[in-house]
Amino acid sequence: MDSEPAPRRRAPRKSIEERRAMIVQAAIPLLVELGPSVTTLQIARAAGISEPTIFRAFADKNEVLAACLAEATDPQHLVDELTSIEPSASLRERVLAVIEALRAHGERTGAVVNAVTVAGPVRPRTAESLSDEERTRLSASRTSSYQRMHDAVTAALAHDRPRIPATEAATLVLAIVLALGRGDGWHTGPASVTTDGLADLVLHGITE
């Protein structure tokens, strides 16, 4: 006698936090690609859900954009990528990986910030609009974020026979790459800055 088929199990329902995270992860690449014109329907399709599901996790599109802004500016993803660089790789490979990770993070973050700013309602607040207490907290948060990035870059650039300490090398690499990220400095003029070219400059300077 044939046994009855086992009843199908429903997939566990996602919590609101899980659903919000899934929507944000789907929305960020669309913001980078399409800018502020992206619709909640496009976001829903990218996330593999119905549009009404978005509004069971977020009040409106502005709240989705605010969550995307918070996620894009969180340095933890960058820190995780930097700490995953293989320490046994050659120094050149590690320098290339560090520069590329910083560059990709900067371009992604800049695109999201620009898209959210153009969208209007969720403009990042300027220092002038903050209270003294809020400015202090913002400054402390930025200092902490930079220090986390600096520590991760320092660890990735550690070398047996350094010409300069890894901490100084990390400071220089961050200064150059972060400066290039402002105003799309990677693509200024006919001679764009490349990851390979910058790595060569970091490793060898401009002399033979």
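- Annotation: the span from T167 atom OG1 to L157 atom CG amounts to 10.5 Å, rounded to 0.5 Å.
- Within the model, atoms CD1 of I206 and CG of D200 stand 13.0 Å from one another, a figure rounded to the nearest 0.5 Å.
- Looking only at side-chain heavy atoms (C-beta outward), I54 and R19 stay at 4.5 Å or farther from each other.
- The CZ atom of R163 sits 10.0 Å away from the CD atom of E168 when rounded to the nearest 0.5 Å.
- A pairwise comparison of heavy atoms in L31 and A115 identifies CD2-CB, 3.8 Å as the closest pair.
- Side-chain contact check for V153 versus H150: every heavy-atom pair is 4.5 Å or farther apart.
- Hydrophobic clustering (ILVMFWY, side-chain heavy atoms < 4.5 Å, transitive): V95 and L201 are in one cluster.
- Remark: the backbone N or O of A72 is paired with a side-chain donor or acceptor of T109 at under 3.5 angstrom.
- Taking all atoms of both residues into account, the shortest heavy-atom contact from Q42 to S37 is OE1-O, 4.2 Å.
- Residues L34 and V32 share a single hydrophobic cluster, defined by chaining ILVMFWY side chains whose heavy atoms lie under 4.5 Å apart.
- Salt bridge present: E63 and R20 bring a charged side-chain N and a carboxylate O closer than 4.0 Å.
- The hydrophobic cluster containing L96 does not contain L102, counting ILVMFWY residues as joined when their side-chain heavy atoms lie under 4.5 angstrom apart, directly or transitively.
- Tracing side-chain contacts under 4.5 Å through hydrophobic residues (I, L, V, M, F, W, Y), one reaches V173 starting from Y146; they form part of the same cluster.
- R56 and T53 share a side-chain donor-acceptor pair at under 3.5 Å.
- The shortest side-chain heavy-atom distance between L172 and I164 falls under the 4.5 Å cut-off.
- Looking at T40 and F55, their side chains come closer than 4.5 Å, going by heavy atoms from C-beta outward.
- Within 6.0 Å of atom CZ in R45, 12 or fewer heavy atoms from other residues, nucleotides or ligands are found, so the atom counts as exposed in its surroundings.
- Side-chain N or O atoms of S145 include one that pairs as donor or acceptor with a backbone N or O of S141 at under 3.5 Å.
- How far CG of D74 is from CG of L69: 11.0 Å, rounded to the nearest 0.5 Å.
- Among R148, E71, E81, the one residue that satisfies the side chain to side chain contact (heavy atoms under 4.5 Å, CB included) test with Q76 is R148.
- For R94 (side chain) and A89 (main-chain N/O), a donor-acceptor pair under 3.5 Å exists by modelled atom type.
- Two residues are said to be in side-chain contact when any heavy atoms from C-beta on lie closer than 4.5 Å; V112 and I28 meet this criterion.
- Side-chain contact between I49 and I23: present, with at least one pair of heavy atoms (C-beta onward) separated by less than 4.5 Å.
- The structure places OG1 of T154 at 7.5 Å from CG of L174, a figure rounded to the nearest 0.5 Å.
- Atoms OG1 and CZ, from T194 and R103 in turn, are 7.5 Å apart once rounded to the nearest 0.5 Å.
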What verdict does the side chain to side chain contact (heavy atoms under 4.5 Å, CB included) test give for L178 and H105, after you've listed the backbone C-alpha separation in whole Å, the side-chain angles of each residue and the deciding distance to 0.1 Å? CA-CA 10 Å; L178 294 180; H105 174 76; over 6 Å; no
